[in-house]
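These figures come from a predicted structure and were not determined experimentally. Worth knowing before you read on, the calculation uses all heavy atoms, side chains too, and leaves out hydrogens, waters and symmetry mates. The sequence lines fix the lettering, A, B, ..., with proteins before strands; numbering per chain opens at 1.
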Amino acid sequence: MIIEHPLLGPRDAQEFVYLGDASLIDRPDGMAEDSVECFHDYLYLRSNPAGLHRELWFHEGGDRSWLVVTRDTVTHEIVKVELAADVARQRGRCR
Amino acid sequence: MSDDLLKPRFPLGGASPFRSEYEGFSISESMANSFVWLACRLNRQADFERMAREVFGFAMPGPGGLARRSAYSTFWTGPGQWMVVAPFSCHRDLETLMKEGFGPSASVTDQTDAWLRLDLEGVACHTVLERLVALPLHTVGEGSAHRVSVHHTGCFLGCLGMADRYFLLAPRSSARSVFHALRQAAESVLTPLAAPRHPPVSGLSGGGAPHRG
């Protein structure tokens, strides 16, 4: 499997480490009143789609950047690759 | 304490740098450089870029890039992060120089002694490297450097000449493993010019004190 790195171009999937669902970027506010329920959902509830799935990959054997990879779990086709830092900033995070 | 216990070893374990020669290819261990890692701090990019021009006289290279001028060379290692290389003889205190030059715009981490540097030379560089690293080598021309996996060990490969001069930085703690991988690849396709010599077994790859007796 080849992952098209946004900065470095096509790289072998062997250089990457898979973490999991990209929704891990949206860490709940630990000080909120409903934080216990939010963290329960954040930690334990994952959708397991047969189809497009956004997931976090770490370029461990490369530039050590985190990527958000949109992958079809049925065909393994990679539809989109973004830097996780850019995705986080789009969602209003400072980094 | 006797002096002989304090003699430093080279990363491959020898008392002198190691060298292997093949037809059209050579591997030379080098300890001639100081290294520091330079990282741009959050929201300091404008300051960082200005300081870089003042300190180095050039803009920091982009992804996969390597820039050189006078004593300094720097290469991109990740978003907002670069390795700075300078001759050890005249830049022994490279970390201090960078801290003073970049002020609060950058974080500086000394990397001297943390890496084994191997200089690879010869017309057969591609023949050997294409067996080791998953990179399209024709795109790794002069002025580029990439992080690569050599037998699952993260290394940096940089090109200093057209296609016949490269350097490979391997973590010192995995020095002998990476050297073994490189030599295995070379011996599978090239003829050694001398009978293969092995780095001393008693030396520790981590550069620890030599065994006695």
Side-chain angles (χ1 to χ4, degrees), chain A residues 1-31 54-71 75-95, chain B residues 37-45 48 60-66 74-83 107 109 111 114-115 129-141 143-159 168-171 174 177-178 181:
Chain A
M1 200 161 68
I2 301 285
I3 295 177
E4 183 75 31
H5 192 295
L7 299 173
L8 298 170
R11 290 299 191 111
D12 195 298
Q14 197 180 275
E15 294 179 6
F16 295 83
V17 178
Y18 174 79
L19 179 72
D21 196 318
S23 64
L24 286 168
I25 289 177
D26 300 319
R27 188 182 169 86
D29 178 6
M31 303 308 286
R54 299 185 84 215
E55 43 204 34
L56 282 168
W57 288 73
F58 179 53
H59 197 191
E60 202 260 338
D63 70 345
R64 307 291 174 112
S65 57
W66 283 96
L67 305 179
V68 174
V69 175
T70 309
R71 181 177 65 97
T75 63
H76 290 312
E77 182 195 1
I78 289 172
V79 180
K80 193 177 179 186
V81 185
E82 304 151 274
L83 284 175
D86 292 344
V87 173
R89 277 192 209 104
Q90 282 163 17
R91 298 190 193 195
R93 292 249 307 263
C94 65
R95 56 177 171 161
Chain B
W37 232 320
L38 197 61
C40 174
R41 286 185 178 163
L42 191 65
N43 300 326
R44 296 283 193 140
Q45 200 168 342
F48 180 84
M60 300 307 276
L66 181 151
T74 68
F75 60 89
W76 186 90
T77 59
Q81 198 180 70
W82 293 265
M83 185 80 92
S107 293
T109 322
Q111 295 290 314
W115 299 88
L129 288 172
E130 68 191 6
R131 284 164 170 78
L132 274 182
V133 299
L135 267 187
L137 287 165
H138 59 275
T139 65
V140 188
S144 62
H146 290 276
R147 191 173 197 125
V148 293
S149 289
V150 176
H151 284 203
H152 300 281
T153 304
C155 299
F156 291 102
L157 180 70
C159 185
L168 185 76
L169 291 190
S174 301
S177 306
V178 171

Please determine, among A/Gly61, A/Gly9, A/Pro10, the option with the most heavy-atom pairs under 4.5 Å with chain B. A/Gly61
Segment of A/Leu8 engaging chain B (4.5 angstrom heavy-atom cut-off): side chain
Do the ring planes of A/Tyr18 and A/Trp57 sit parallel (below 30°), tilted (30 to 60°) or perpendicular (above 60°)? perpendicular
Check: B/Gln111 main-chain N/O paired with B/Trp37 side-chain donor or acceptor under 3.5 Å: no
Could you tell me which portion of B/Ser149 (side chain, backbone, both or neither) has an atom closer than 4.5 angstrom to a non-hydrogen atom of chain A? both
Check whether any side-chain heavy atom of B/Arg147 lies under 4.5 Å from a side-chain heavy atom of B/Met83, and answer yes or no. no
Option in B/Ala134, B/Gly64, B/Pro79 with maximal non-hydrogen atom pairs under 4.5 Å from chain A: B/Pro79
Within 6.0 angstrom of B/Gln45 CD, more than 12 heavy atoms from elsewhere: no
